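What follows is one structure encoded as structure tokens, with my remarks underneath.
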Protein chains: 2
Amino acid sequence: MPRRESVTTADVARAADVSKATAARVLSGRGSTSEASRRRVREAAAALGYVPNELAKAMSVGITNTIGVVSPDIANPFFAAVVRGISDRIRSRGIEIIISNTDNDQQIESRALRLLAAKQVDGIVLAPVIPGPGLVAADLSSRGLPLVLLDRRTEGLEAAPLVSLDHAATARLATNHLIALGHTRIAILTEVPELALLQPGSQGRIDRPATQRLWGYLSALAEAGIELDPRLVIGTAYHQSAAEAAVRASLSGSRATALFATNSVVTSGAFRALASLGVSIPKQLSFIGFDDQEWTTMVTPPVSVVAQPPLELGVAAADALMRRIEDPDAPIADAILPGDLLLRASTAAPDDATTAPQGALALQPGRNHKEDR
Amino acid sequence: MPRRESVTTADVARAADVSKATAARVLSGRGSTSEASRRRVREAAAALGYVPNELAKAMSVGITNTIGVVSPDIANPFFAAVVRGISDRIRSRGIEIIISNTDNDQQIESRALRLLAAKQVDGIVLAPVIPGPGLVAADLSSRGLPLVLLDRRTEGLEAAPLVSLDHAATARLATNHLIALGHTRIAILTEVPELALLQPGSQGRIDRPATQRLWGYLSALAEAGIELDPRLVIGTAYHQSAAEAAVRASLSGSRATALFATNSVVTSGAFRALASLGVSIPKQLSFIGFDDQEWTTMVTPPVSVVAQPPLELGVAAADALMRRIEDPDAPIADAILPGDLLLRASTAAPDDATTAPQGALALQPGRNHKEDR
DNA sequence: CTGAAAGCGCTAACAC
DNA sequence: GTGTTAGCGCTTTCAG
């Protein structure tokens, strides 16, 4: 029995002296009712403080007006903004969002998905844990649970549409910008473990965003006829401190004139490294990052970035999911959004003519790059 | 009728050749069952791919294992982190969160609360829209919906516990830090519209966080025997650009040696203003901000701040709500958490002896504070 | 230990 | 236009 006594359609019906059915009809707006009973039911409902029970409604109708959003971490600004975009898009329909964090843990993701399914959500937006495959997701999807993939694809979920940034094109955007400025020695900071992944879609596998971004960089270089120098590819784990260390360790020997950091976390780490190394940006080195984080506009110089529009991704994800819910048999259509190039002050033409001989970066480790303090 | 055909306890019961009741008993773990039927039911369930319907369970039990979190904006890092804290705390209990954004709009808040109530959430964590009172919230609360207030109190909701930062004490922390460094001319950037609110709790009203923070500042000055100079109280709207403009307009005439920005948004605006004015921090001016935003550690110099621990607030909110749900008659107990003082490099002793005569800030508007770019 | 049956609050035929 | 009735899937007495 319910813990809180609540007023039901039956109560309202009794008070309005009509049948449960009539009360339900005026309360739900469906079916036709007389002006008279409409008024009396409304009054009774107001007087009693009737609150409809959406659970009961969902039980009989089979629609909960609730969707699930499963992401690694809602506190991550990117996912928070995506959720915001989804939320904005579906608010008008009276749909609500249940969120779950997975911490990139396959187990937690599976549990979360099952729980959402048990709660009978109408659909799920899933940013899957990276080393897929998501068996539970595939299972639910194959049973008819509308599913939309966010940011990345996972093996076994080919039946779900993907809503994502065009990772490769966005990386190409950044790289081309540097190339257009005249850079040829462009370093990239990437979390792709091996450079062996140079062939896109190699081994029939689905590329992760990081791989796609690396590929975008490589293809931009190739198009420009710039030969790849493996020393310019700096690998790092997905951590600020790791990225910082990687940049400190690898940059000075690379003779790079520009650096492209390929996700928000390593962008922060790289900037920290450059600051502590005393690198003058963009004089000694042009720097372009990923994601429009607030700090990139607060520092000196403001950092140029390529950015994904998270709100728009959220909107697109909501639209894709709604389409899937309303017409499960429609062909699945991915939504791959272009990234933006936000030019600020951290990128400029290489300085080879003036200061550094041959455009190489000569670092003086340990020097602090600002005089104050 | 449900849109997706699903396997129910009845299906499992039939397959296991037991009654619905027995199947339900083993599936839910409640009641006693024989080892034999337990095994058969489990096998049948696994074979059929049984997924329990939490909706139906909720219908009969009256508990949805879902709570609502209503905040102005989930994309705001503070609220995102709070939600994360709540989520982490309740995950082990199998409880999920429905989020709603209000954009600080009373109407939207009301609708969201009603919808959550209709969805029969077990409780709600609410960061109420500032210019209360929340009539709907009060109504729901009085009807027995467990409610916890987050970050700020609202009139009419005295029956709900508050989980919040100790705004006054935290502002005092920041102010005392500056005082201890030797500052006496400490400017404050506040969104409190009128200085008439100097009396805490004046007119019996409930103070907003901004007011409490201002009060903390004032009381710290008073304790230290420093007389308040009204010109040091800089009012601003809750917007970066407004704060930036306010600082640019008011700071030079104030002869301040330190500036305390009392929320995250105006902290960003103030820093921008100081940077564009060419103020040397902390040489000409000590600066302390609010909230541990990432950019405060990326800029030069890193900015000292007082910060609220959002994850801990989330955990406290979750605990408070759970307590309320489990024992609605227990006395309501607020959880007021202390803030942290994070000392970085933007605060130092005033420089009056050396550079500026009488410790006054002499600005050179228009000059850029860094030489590069 | 197990089965039958009632009920949670609402919707949706189906009659009248 | 309105009332009656049968569910939605699960829990929970109440008998046996």
Side-chain angles (χ1 to χ4, degrees), chain A residues 1-42 44-45 48-66 94 117-122, chain B residues 1-42 44-45 48-65 94 115 117-122:
Chain A
M1 73 210 75
R3 295 175 310 110
R4 285 189 301 282
E5 70 309 319
S6 53
V7 354
T8 73
T9 40
D11 299 326
V12 175
R14 201 173 311 120
D17 199 38
V18 295
S19 75
K20 244 173 32 175
T22 318
R25 273 191 274 259
V26 355
L27 257 17
S28 70
R30 270 177 286 268
S32 46
T33 48
S34 74
E35 176 59 38
S37 46
R38 226 171 303 159
R39 200 177 44 72
R40 301 176 55 203
V41 169
R42 293 243 170 80
L48 296 176
Y50 170 76
V51 175
N53 184 328
E54 289 289 328
L55 242 49
K57 176 181 178 185
M59 275 294 292
S60 50
V61 172
I63 294 178
T64 54
N65 282 320
T66 306
K119 290 207 168 141
Q120 313 297 113
V121 294
D122 299 330
Chain B
M1 73 212 74
R3 295 173 312 110
R4 286 188 299 280
E5 69 310 318
S6 53
V7 353
T8 72
T9 40
D11 299 326
V12 175
R14 200 172 311 120
D17 198 40
V18 295
S19 74
K20 246 174 29 176
T22 318
R25 273 191 273 260
V26 355
L27 257 17
S28 69
R30 269 177 286 268
S32 45
T33 47
S34 74
E35 176 60 38
S37 46
R38 227 171 303 161
R39 201 178 43 72
R40 301 175 55 203
V41 170
R42 293 243 170 79
L48 296 177
Y50 170 76
V51 175
N53 184 327
E54 289 288 328
L55 242 49
K57 177 182 177 185
M59 275 294 293
S60 50
V61 172
I63 294 177
T64 54
N65 281 321
L115 193 47
K119 289 206 169 142
Q120 313 296 114
V121 294
D122 299 330

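Just so we're on the same page: letters track the sequence lines, and every chain starts at 1. The structure presented is a predicted model; accordingly, all values stated were derived computationally and were not measured.
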By side chain to side chain donor-acceptor pair (under 3.5 Å) - contacts of A/R39 (at least two apart) = A/E43
Whole Å only: how far is the CD1 atom of B/I63 from the P atom of D/dT12?
-> 10 Å
Roughly how many Å is it from CG in B/L55 to C1' in C/dC10, rounded to a whole number?
-> 12 Å
Which heavy atom in B/D122 sits nearest to a heavy atom in B/N65, and how many Å separate them?
-> OD2-N, 2.7 Å
What residues, two or more places apart in sequence or in another chain, satisfy side chain to side chain donor-acceptor pair (under 3.5 Å) together with A/K119?
-> B/T66
Rounded to the nearest angstrom, tell me the gap between atom CE in B/M59 and atom P in C/dA6.
-> 17 Å
Round to a whole Å and report the spacing from CG of B/L27 to P of D/dC10.
-> 8 Å
List in chain and number order the residues that pass side chain to side chain donor-acceptor pair (under 3.5 Å) with B/T9, two or more places apart in sequence or in another chain; answer none if no residue qualifies.
-> none
Could you list the residues that satisfy salt bridge (Lys or Arg N to Asp or Glu O under 4.0 Å) with A/R40, not counting sequence neighbours?
-> none
Could you please name the option among C/dC8, C/dA12, C/dG9 that lies closest to any side-chain atom of B/S60?
-> C/dC8
Determine whether B/T8 and B/N53 make a side-chain contact, defined as any pair of heavy atoms from C-beta on separated by less than 4.5 Å.
-> no
Is any side-chain nitrogen or oxygen of A/T9 closer than 4.0 Å to OP1 or OP2 of C/dC10?
-> yes
Check nucleotides 1-3 of chain D against the protein and report each pair of N or O atoms closer than 3.5 Å, with its distance, or say if there are none.
residue: D/dG1; atom: OP2; partner: A/S32; partner atom: OG; Å: 2.6
residue: D/dT2; atom: OP1; partner: A/S34; partner atom: OG; Å: 2.7
residue: D/dT2; atom: OP1; partner: A/S37; partner atom: OG; Å: 3.1
residue: D/dT2; atom: OP2; partner: A/S34; partner atom: N; Å: 2.7
residue: D/dT2; atom: OP2; partner: A/S37; partner atom: OG; Å: 2.9
residue: D/dG3; atom: OP2; partner: A/S19; partner atom: N; Å: 2.9
residue: D/dG3; atom: OP2; partner: A/S19; partner atom: OG; Å: 2.8
residue: D/dG3; atom: OP2; partner: A/T22; partner atom: OG1; Å: 2.2
residue: D/dG3; atom: O5'; partner: A/S19; partner atom: OG; Å: 3.4
residue: D/dG3; atom: N7; partner: A/R25; partner atom: NH2; Å: 2.6
residue: D/dG3; atom: O6; partner: A/R25; partner atom: NH1; Å: 3.2
residue: D/dG3; atom: O6; partner: A/R25; partner atom: NH2; Å: 3.4

Could you tell me the separation between the CZ atom of B/R39 and the C1' atom of C/dC1, rounded to a whole number of Å?
-> 16 Å
Mind grabbing the angle between the end helix axes of the helix from C/dC1-D/dG16 to C/dC16-D/dG1? Five pairs an end, 10° rounding.
-> 40°
Applying salt bridge (Lys or Arg N to Asp or Glu O under 4.0 Å), name anything that partners B/R42, two or more places apart in sequence or on another chain.
-> none
Specify the separation, in whole Å, of atom CZ of B/R40 and atom P of C/dG3.
-> 9 Å
Which nucleotide sits closest to the side chain of A/N53: C/dG9, C/dA12, D/dG9?
-> C/dG9
The complete set of salt bridge (Lys or Arg N to Asp or Glu O under 4.0 Å) pairs with one or both residues in residues 17-33 of chain A, sequence neighbours excluded, reads none
Identify, with sequence neighbours excluded, every residue that meets side chain to side chain donor-acceptor pair (under 3.5 Å) alongside A/S34.
-> A/S37
